[in-house]
There are 2 protein chains.
Amino acid sequence: MMSSTLRIKPPAPQVVNEQLAQADALCRERGSNLTPLRRQVLELVIRQGRPVGAYDLLDSLRTQGRGSSPPTVYRALEFLQQEGLVHRLPAQNTYMACSHPHHHHRGLIFTCSRCGQALELETPDLFGMLEDYARPHGFEISDDSLEISGVCPFCQEASRDAR
Amino acid sequence: MMSSTLRIKPPAPQVVNEQLAQADALCRERGSNLTPLRRQVLELVIRQGRPVGAYDLLDSLRTQGRGSSPPTVYRALEFLQQEGLVHRLPAQNTYMACSHPHHHHRGLIFTCSRCGQALELETPDLFGMLEDYARPHGFEISDDSLEISGVCPFCQEASRDAR
DNA sequence: TCATGTAATGTTATAGTATTACATTACGTT
DNA sequence: AACGTAATGTAATACTATAACATTACATGA
């Protein structure tokens, strides 16, 4: 993972707390169990403000005094994904907080292959189109987000500067 | 990887040969170097008729008497991807032959999370829409295919039967 | 011819990502 | 108290991918 960017700041503590409160509310409504451990992992993901690798999360957990091993973080991430609180980005093997867990919009996520930064969009037409393509083949979509890789504007600029 | 399906047969030898001939032609045109090793890997991918893992390819290479190690197959796959002959499916860590390497259409690939089977479609509108979403954010798309996970009709049926 | 440069491949080791399997704990219900 | 279930702890291992360096093959020009 070890790539980083200074361009995007981590969210302000207040924003983090809002997102956590929203997660609390959602899970309470649904009767799902946002345990302290799961909540702690979610907080780490949210604070990051960008996609983060599972083993980075594991390091953070250890720093925070949790006796942790890979299954700890993978299980928490699995739960958080089921609840729609976290997206997995398969092309980068990373995880990021969902930016609108309250609606059930399925989103599009652009990830930069240079710096790893990600941008989640609400794309009202996209999944409808995908369903239209899928239907005639009897295929049932289960992904709730779609990752597409490319180059973010900052890294494009960096390329130009290098030349 | 080790999942399998009997529903989709591997392509007939004749089809395999056509696809290989097409790859030969494409690379000749472009002046790119489809070496025996790369061609052998491509053939393995094509014969499979479905997504394959890199280490499965490695095993096959060894069976065929190539003294091979991971970099061998990963390097070949990298070349084949650059040439648009093979797609990587990040959600499954697999590789599959592109079904239309001659046009430069960027395609949509449905993958079944149960059986691993994949279906590549030509989707005339899709990447245009994605570009439209990306443009206002200055994001430049580099993926040439989009993987989306779900459940194929056969596995849906299997689920119903199980109940 | 033969030096030299470059692309491709070989080889060893290691890094990075994820899961299996089994033990333990916490806690609610009978 | 006994039991069942969900969650977590722990050790081991499987799976995926890359780094680093050596070697080979072959084209080109001195």
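On a predicted model such as this, the values are computed, not experimentally measured, just so you know. All chains are named by letter (A, B, ...) in the order of the sequence lines, taking the proteins before the strands, and each is independently numbered beginning at 1.
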Exercise for the section: Rounded off to whole Å, could you give me the CD-to-C1' distance for the B:Glu83 and C:dA8 pair? Expected result: 14 Å
Exercise for the section: Go through D:dA17, D:dT10, D:dG9 for me and flag the one nearest to the B:Arg88 side chain. Expected result: D:dA17
Fill in the blank from the handout: Per atom distances to the A:Arg75 side chain, the nearest of D:dA17, D:dT8, C:dA18 is D:dT8
Exercise for the section: Enter the distance from B:Leu42:CG to B:Leu34:CG here, rounded to the nearest 0.5 Å. Expected result: 6.5 Å
Handout entry: Nucleotide C:dA18, atom P - distance to CD of A:Gln81 in whole Å
Key = 10 Å
Problem - Under-4.0 Å side-chain N/O to phosphate OP1/OP2 contact, A:Tyr55 with C:dG16 - result: no
Practice task
Measure from CD on B:Glu78 to P on D:dT16 and round the result to the nearest Å.
Solution key: 18 Å
Handout entry: side-chain N/O A:Asn93 vs C:dA18 OP1/OP2, d < 4.0 Å
Key = yes
Exercise for the section: Whole angstrom is fine here: how far is it from CG in A:Leu58 over to C1' in C:dT19? Expected result: 14 Å
Completion exercise
A:Asp59 atom CG is separated from C:dA15 atom P, nearest whole Å, by 15 Å
Exercise for the section: For the side chain of B:Pro71, starting at C-beta, report the closest nucleotide among D:dA11, D:dA17, C:dT12. Expected result: C:dT12
Problem - Between A:Arg88 and A:Gln81, a side-chain donor and acceptor under 3.5 Å - result: no
Handout entry: Gap between atoms CG and P, on B:Leu61 and C:dT9 respectively (whole Å)
Key = 11 Å
Problem - Donor-acceptor pair between A:Arg47 and A:Ser60 side chains, under 3.5 angstrom - result: no
Handout entry: Charged N-O contact under 4.0 Å between A:Glu131 and A:Arg135
Key = no
Handout entry: Hydrophobic cluster identity match, A:Phe127 and B:Phe110, side-chain contacts under 4.5 Å
Key = yes
Problem - Whole-Å distance separating the CG atom of A:Leu89 from the C1' atom of C:dG16 - result: 17 Å
Exercise for the section: Please report, rounded to the nearest Å, how far the C1' atom of C:dG16 is from the CG atom of A:Leu57. Expected result: 14 Å
Exercise for the section: Answer yes or no: does a side-chain N or O of B:Tyr95 lie under 4.0 Å from OP1 or OP2 of D:dA17? Expected result: yes
Exercise for the section: Name the residue closer to the 5' end of DNA chain C, choosing between B:Pro70 and B:Arg66 according to the nucleotide with the nearest heavy atom. Expected result: B:Arg66
Practice task
Group every Ile, Leu, Val, Met, Phe, Trp and Tyr by side-chain heavy-atom contacts under 4.5 Å, then state whether B:Leu20 and B:Val15 land in the same group.
Solution key: no
Problem - Shared hydrophobic cluster for B:Tyr74 and B:Val41 (ILVMFWY, side-chain gaps under 4.5 Å) - result: yes
Fill in the blank from the handout: Under a 4.0 Å heavy-atom cutoff, the residues of residues 32-47 of chain B touching DNA chain C are B:Asn33, B:Thr35, B:Leu37, B:Arg38
